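As the structure lists them, so they are numbered: ligands from 1, and atoms in each ligand from 1. The first residue in the sequence is number 1, and the count goes up from there. Quantities reported herein were computed from a predicted structural model and do not represent experimental measurements.
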Amino acid sequence: MPKPIQTYATPFSGLQADISGIPGFEHVAPGLSLQAILETVEQAPVAISITDTRANILYVNTAFESLTGYTRNEICGQNESVLSCKTTPIEVYRDLWRSIQSGKVWRGTLVNRTKAGKSYLAELSIAPVLDANQRITNFLGMHRDISTLHQLEQELKHQKALSETILDLAPTIVVLLDSERNVLLDNQAYKQLKTGFGATEPAHLFMEALADRLDGNLFGGFNDAQVRFDAPNGSECWFTVSGIHVKELDHAAQSYFNTGDENGHYLLLVATDITTRKAEAERSRLQQLKVQMAEQELTQSVRETLSGAIFQLETPINVIQAALAMPQSSPEALYPILRQVLDSSQRAIDAMRKALPKAEQERRFLVNINQILKDLLVISTDRLLSTGVVVDWKPEPVLPTITGSEASLRRMFHYLLDNALLSLEEAGRRNPELRLHTSVKDEFIWVEITDNGIGIPANQRLKVFEPFHSSWKRGRGKAGMGLCMAQEIVNRHNGGIRIDPDYANGCRILINLPIKYTSEAME
Ligand code: FAD
């Protein structure tokens with residue numbers, strides 16, 4: 001047991017020693033006494049202890065007494081280990097002793113116990129005290145209770161872990177970006193999305209897709225914006241994305257008293273994958289289109305049939321009318337019969353005219369020809385697959401819209417595609433091919449529909465546009481009005497349609513539609 005050195009009882013009233021002669025204190029201003037220095041240590045609001053080189057306590061201050069519950073008379077002469085709660089790992093003590101014995105300051109946390117047996121977390125600094133020969137004579141220990149701080153830290157960690165778990169369980173994609181677009185936080189749904197994108201951050205794709213729409217001001221926040229992009233595997237992805245602007249309060253020391261200061265700007269992106277919903281909506285749109293087209297086709301075929309009947313009836317009536325107009329060459333007896341034929345034929349024509357379904361009212365909208373052609377290809381997929389037709393679809397990447405009747409234009413392209421497929425079926429080639437190309441040239445949209453089917457001989461290239469011209473071997477009730485109607489629709493849109501005379505391997509139809517289009521043409 002070491003002999004306790006002299007302890008100082010407070011107040012240190014008898015100590016008026018002049019300290020200016022002590023090494024290290026040569027430059028103190030007059031007025032600082034040894035008593036003042038001792039009072040400072042004694043009254044410091046942190047637990048201070050001074051030990052010998054084996055940690056036997058020689059002195060403790062008032063704060064030490066209050067924190068540990070030991071009076072200085074009880075503790076002086078005992079080893080600091082009396083404070084140990086025996087739960088601090090031995091490696092920590094080894095590190096502590098290694099440091100202080102090599103003359104370095106050690107800082108760390110130990111689990112301590114008060115005299116009453118209550119454990120607390122001690123944030124401790126131990127500094128070696130050296131003599132004039134640089135030998136360690138004592139150790140100075142300073143510690144404070146950080147149990148409450150630790151408890152708060154633990155609660156914060158727990159809350160963070162809890163929020164991360166909730167975030168991870170959410171089916172919504174959540175990602176937090178800083179102003180440099182670095183991902184700071186994300187959840188499982190985002191991580192899953194990212195696995196399909198390799199090195200690309202899907203959050204950056206969201207931002208690029210939205211940048212134009214929001215004039216680059218993404219950090220201003222936005223709600224439920226729809227975003228579409230192609231995943232690396234070629235599939236189309238659709239998302240609704242909301243962006244929430246998050247401000248971070250400045251934690252720099254100089255902002256301590258200005259709690260409103262902002263430090264950083266963050267963007268919280270919340271996205272929902274709506275690809276399946278979109279695909280369903282697209283499927284039902286195409287289904288509706290199919291039904292609509294089937295109805296239009298039915299109406300059209302009734303119109304074609306009736307028009308054909310009217311056309312055929314009109315010819316004999318014209319003859320009869322001509323015969324009646326020449327009474328000298330008509331036998332008297334035939335006159336009433338002819339009159340009767342004429343009247344009944346006329347009545348039949350009138351009845352058929354009344355039976356003709358009304359032509360649709362054409363309404364003009366902005367129309368995308370690529371979209372119409374793509375829809376028709378999708379609708380015809382089954383037919384194309386069953387006949388083994390290879391389709392070469394080359395749309396102009398950005399095709400301007402034109403003002404026109406979408407229904408008429410769709411019908412027009414449907415006639416032309418139908419003709420191309422019929423021609424391929426009749427040719428019975430091994431490699432039936434259908435090429436659909438769109439392009440823009442000289443203020444016109446150009447569409448080329450090429451097939452390697454039976455082709456149209458040069459002497460027929462104008463005739464095929466006449467009404468009721470049909471040369472299909474397997475006509476399937478076609479009245480020969482398709483090209484005639486197609487031409488009429490193109491004309492109504494101020495465009496042109498012709499058969500390419502230079503194409504010999506089948507048939508190539510060339511259609512051009514003006515981009516700037518005069519509205520009178522539709523009236
Ligand atoms: P011990 O057997 O005493 O020590 C465990 C390990 O520590 C040993 O295996 C050895 O590696 C190392 N060690 C211990 N004593 C020495 C030594 N004299 N020389 C070299 N290595 C040694 N401990 C606390 O628990 N709480 C405190 O608040 C605290 N304050 C301290 C303040 C000062 C100024 C100093 C110098 C030490 C302080 N210690 C404190 C450390 C304390 O002295 C003991 O080392 C520690 O409590 C472990 O005690 P133990 O009886 O569990 O094991």
Side-chain angles (χ1 to χ4, degrees), residues 1-10 12 15 19 22-25 34-155 157:
M1 172 76 90
K3 195 169 148 249
I5 59 162
Q6 181 193 353
T7 56
Y8 298 98
T10 56
F12 304 96
L15 291 166
I19 57 169
I22 303 171
F25 289 85
L34 181 58
Q35 181 192 343
I37 294 171
L38 291 172
E39 287 290 5
T40 307
V41 175
E42 176 59 23
Q43 294 174 34
V46 57
I48 293 176
S49 60
I50 299 171
T51 70
D52 65 11
T53 52
R54 302 174 68 84
N56 296 312
I57 300 169
L58 307 175
Y59 165 78
V60 295
N61 71 350
T62 313
F64 189 102
E65 287 180 312
S66 319
L67 179 58
T68 63
Y70 290 103
T71 65
R72 61 193 72 197
N73 288 337
E74 286 170 330
I75 196 98
C76 285
Q78 296 212 52
N79 193 281
E80 292 273 9
S81 64
V82 76
L83 296 176
S84 171
C85 191
K86 308 295 177 198
T87 52
T88 305
I90 193 155
E91 293 75 34
V92 179
Y93 293 127
R94 281 194 187 128
D95 177 57
L96 177 159
W97 281 103
R98 226 184 348 261
S99 292
I100 60 175
Q101 284 183 329
S102 63
K104 290 183 200 140
V105 175
W106 181 88
R107 287 186 188 87
T109 306
L110 303 175
V111 187
N112 271 4
R113 192 173 47 183
T114 63
K115 184 185 171 190
K118 189 175 169 243
S119 60
Y120 67 94
L121 266 186
E123 188 188 61
L124 174 68
S125 298
I126 305 178
V129 180
L130 309 176
D131 66 9
N133 299 318
Q134 298 299 301
R135 272 197 310 257
I136 300 171
T137 56
N138 298 88
F139 290 115
L140 166 70
M142 286 183 287
H143 80 271
R144 64 180 184 126
D145 180 0
I146 56 159
S147 307
T148 315
L149 198 71
H150 174 70
Q151 194 184 334
L152 284 174
E153 271 174 11
Q154 290 301 102
E155 275 171 22
K157 267 191 206 161

Fill in: Gln43 and Thr62: side chain donor to acceptor below 3.5 Å
no
Worksheet item: Is it true that the side chains of Asp145 and Ser147 contain a donor and an acceptor less than 3.5 Å apart?
Response: yes
Worksheet entry | Under 3.5 Å side-chain donor-acceptor pair for Thr51 and Glu80 | no
Worksheet entry | Flag for Tyr93-Ser81: side-chain donor and acceptor within less than 3.5 Å | no
Worksheet item: What are the two closest non-hydrogen atoms of Ala63 and Pro45, and how far apart are they?
Response: CB-C, 4.1 Å
Worksheet item: Phe139 vs Trp97 aromatic rings, parallel, tilted or perpendicular, using cut-offs 30° and 60°?
Response: perpendicular
Practice prompt. Can you tell me which residues line ligand 1 if we count any heavy atom under 4.0 angstrom from one of its atoms, in chain and number order?
Written response: Thr51, Ala55, Asn79, Glu80, Ser81, Leu83, Ser84, Lys86, Ile90, Tyr93, Arg94, Trp97, Ile100, Gln101, Leu110, Asn112, Leu124, Ile126, Phe139, Gly141
